[in-house]
There are 2 protein chains.
Amino acid sequence: MIHLIHRSPEEQQYLSSYDPSAFDRPSVTVDVVILTLREGQLEALLVKRKEHPYLNYWSLPGGFVLTHESLDEAAARVLRQKAGLEGMVGMERESPHKHPVYLEQLYTFGDPRRDPRMRVISVAYYALVEASHIREAGEEIALFKLRTPEGASSVEIFDSKNKKYSLAFDHAEILGVALRRIRGKLSYTPIGFELLPERFTLRQLQAVHETILQKKLNKDSFRRKMLASGMLEATGELERGLGRPAELYRFRREV
Amino acid sequence: MIHLIHRSPEEQQYLSSYDPSAFDRPSVTVDVVILTLREGQLEALLVKRKEHPYLNYWSLPGGFVLTHESLDEAAARVLRQKAGLEGMVGMERESPHKHPVYLEQLYTFGDPRRDPRMRVISVAYYALVEASHIREAGEEIALFKLRTPEGASSVEIFDSKNKKYSLAFDHAEILGVALRRIRGKLSYTPIGFELLPERFTLRQLQAVHETILQKKLNKDSFRRKMLASGMLEATGELERGLGRPAELYRFRREV
DNA sequence: TGACTTATATGCATCTTGGATATATACTTC
DNA sequence: GAAGTATATATCCAAGATGCATATAAGTCA
């Protein structure tokens, strides 16, 4: 899916200074879809482009894959450096106390014209991050609400004032693939817990699944399925709040 | 997963003629896992390498992504040119008479040392092909039986005389990912029909699922699920053979 | 304390699944 | 052509999963 945009003379000149045919090899980047949950809404972290093409458009955080790093490492680096998650990201889940970021390869996008400058192949990743770990850095990095029009494969994004934006490159398509992936994954994993604090109640987990899937779930069967899956363990602790306090659960990472 | 192999002096010299640091950009290839079914066994099409490294090792058919072709196109080209499927492959399923080849992107492998010459990122695809479409071309292209040791992530390959081989590069790992993908996919699609002729009986389809999943399935519930899915349509024709002839079904591509 | 709110437990009708059995329809053999 | 054999399809039922209603438990707040 190629977006046709109007190009300014300045941008035209910039583009013409590239000579795509001079390179046999494509550039390879990683782009990371960072999903989080705020106020019952699924949101994605986007960065504002400071270069042509798509100057001032919002885009997925991304970067070139360096010579000596693996794709997973490149994605983790982007998460740390470009997305303001310094110190939080580790692919390995070594520490039992930390709540590491879930990061998984999504799909590789390689349409020859997806970047007007030159051939760029992008290996897309997606990450699930607890909202409290994200700090929006001023005008450059922000969270956007996601909406998927009925039946459409692409995704629409809105800022906190409900203003709609277009994304750079094929990034709306990448977001669409990410949403479809995570929705599919929910049917066989309680992956939603990656968006919650380390301890959470079953109701919270159900709410996460409901916002991602965009539909109500049956409370009892959700409880039963989750407990029967054996992937959650009770901590013995209780939440506090209105009404009877609920048991706090934790994901069994060791299994 | 990097394979450490013994290198001959000839190969050593060959490798040292490469200067990896001279290139900022990685090379990008596509490798295609071509799966088929012969005599109730799942098999993969492999090609014998005629160059260093891994000279004379069997490997997945693959090739560099050309400047102006998409990844899907590159994979289809490899399928046509390198795998002896000339004239059979089309991503678009335009023709109702032809039985097109199922081709889907699998995963992208980018460990910096997966190719000892230089940085090569491989976008892996997998294809499901009806056995009758494949012609093994002498010593260069052959089908190998696959076996997955219990719990192992990798895959072992055997030729028709049950001799075991090691694969080039990380291709055994790629095969493992392909098998896991197709097994997972069977739980929510009747994808096995891609390995059968256009018309097939439910029993044949069940046999396909059973060989891929490596376990017996319940006949009645398999029938019910398949028919209830609405993805198969009866042709009205019957197979011929021993016992009561079974209805021949066809996959509903138009839905 | 009593009203309120939410979690957890229990009971039950309905749907799905696994498994057995019965019936149908071809081919093969005598 | 009748009997036998093999396999497909239909029917039935028990066990399990799921959706839904109701009852009970355990906190907070006035």
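Proteins get letters first, then strands, A, B, ... in listed order; numbering begins at 1 in each. Quantities reported herein were computed from a predicted structural model and do not represent experimental measurements.
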Q: So if I take every side-chain heavy atom of Asn218(B) and compare against dA8(D), dG19(D), dG18(C), which nucleotide ends up nearest?
A: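 Comparing dA8(D), dG19(D), dG18(C) against the side chain of Asn218(B), the answer is dG18(C).
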Q: Just how large is the angle between the end axes of the helix from dT1(C)-dA30(D) to dC30(C)-dG1(D), five pairs per end, to 10 degrees?
A: 0°
Q: Run the ring pair (Phe, Tyr, Trp, His ring centres under 6.0 Å) test against Phe200(B) and tell me which residues pass, sequence neighbours left out.
A: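 Ring pair (Phe, Tyr, Trp, His ring centres under 6.0 Å) list for Phe200(B), sorted by chain: empty.
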Q: What integer distance in Å separates Lys225(A):NZ from dC20(D):P?
A: 12 Å
Q: According to salt bridge (Lys or Arg N to Asp or Glu O under 4.0 Å), who are the partners of Lys48(B), at least two apart in sequence or on a separate chain?
A: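 Lys48(B): no salt bridge (Lys or Arg N to Asp or Glu O under 4.0 Å) contacts found.
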Q: With Ser187(A), which residues qualify under side chain to side chain contact (heavy atoms under 4.5 Å, CB included), at least two apart?
A: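 Per chain and number, Ser187(A) pairs via side chain to side chain contact (heavy atoms under 4.5 Å, CB included) with no residue.
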Q: Using whole Å, what does the distance between atom C1' of nucleotide dA7(C) and atom CZ of Phe222(A) come to?
A: 15 Å
Q: Tell me, please, which residues at least two apart from Glu140(B) pass salt bridge (Lys or Arg N to Asp or Glu O under 4.0 Å).
A: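 Residues passing salt bridge (Lys or Arg N to Asp or Glu O under 4.0 Å) with Glu140(B): none at all.
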Q: Name each donor-acceptor pair under 3.5 Å that joins a side chain in residues 30-41 of chain B to protein atoms two or more places apart or in another chain, with its distance.
A:
unit_1: Asp31(B); atom_1: OD2; unit_2: Ser122(B); atom_2: OG; d: 2.7
unit_1: Thr36(B); atom_1: OG1; unit_2: Val129(B); atom_2: O; d: 2.7
unit_1: Thr36(B); atom_1: OG1; unit_2: Ala131(B); atom_2: N; d: 3.1
unit_1: Arg38(B); atom_1: NE; unit_2: Glu43(B); atom_2: OE1; d: 2.8
unit_1: Arg38(B); atom_1: NH1; unit_2: Glu136(B); atom_2: OE2; d: 2.9
unit_1: Arg38(B); atom_1: NH2; unit_2: Glu43(B); atom_2: OE1; d: 3.0

Q: dA6(D) P sits how many Å from Arg203(B) CZ, rounded?
A: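 The answer, rounded to whole Å, is 14 Å.
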Q: Applying the side-chain hydrogen bond (donor to acceptor under 3.5 Å, both in side chains) criterion to Gln206(A), which one of Glu210(A), His209(A), Gln204(A) satisfies it?
A: Glu210(A)
Q: Send over the distance from Leu217(A) CG to dT18(D) P, rounded to a whole Å.
A: 12 Å
Q: Run the side chain to side chain contact (heavy atoms under 4.5 Å, CB included) test against Thr148(A) and tell me which residues pass, sequence neighbours left out.
A: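 Applying side chain to side chain contact (heavy atoms under 4.5 Å, CB included) to Thr148(A) gives Val155(A), Leu179(A), Arg183(A), Gln214(A).
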Q: What N/O pairs connect the protein and nucleotides 8-11 of chain C at under 3.5 Å? Give each pair on its own line.
A:
unit_1: dT8(C); atom_1: OP1; unit_2: Glu247(A); atom_2: N; d: 2.9
unit_1: dT8(C); atom_1: OP2; unit_2: Arg223(A); atom_2: NH1; d: 2.9
unit_1: dT8(C); atom_1: OP2; unit_2: Arg223(A); atom_2: NH2; d: 2.9
unit_1: dT8(C); atom_1: O5'; unit_2: Arg223(A); atom_2: NH2; d: 3.2

Q: Pairs of donor and acceptor atoms involving the side chains of residues 217-229 of chain B, under 3.5 Å and at least two apart or interchain, shall be tabulated with distances.
A:
unit_1: Asn218(B); atom_1: OD1; unit_2: Asp220(B); atom_2: N; d: 3.1
unit_1: Asn218(B); atom_1: OD1; unit_2: Ser221(B); atom_2: N; d: 2.9
unit_1: Ser229(B); atom_1: OG; unit_2: Met226(B); atom_2: O; d: 2.7
unit_1: Ser229(B); atom_1: OG; unit_2: Met231(B); atom_2: N; d: 3.2

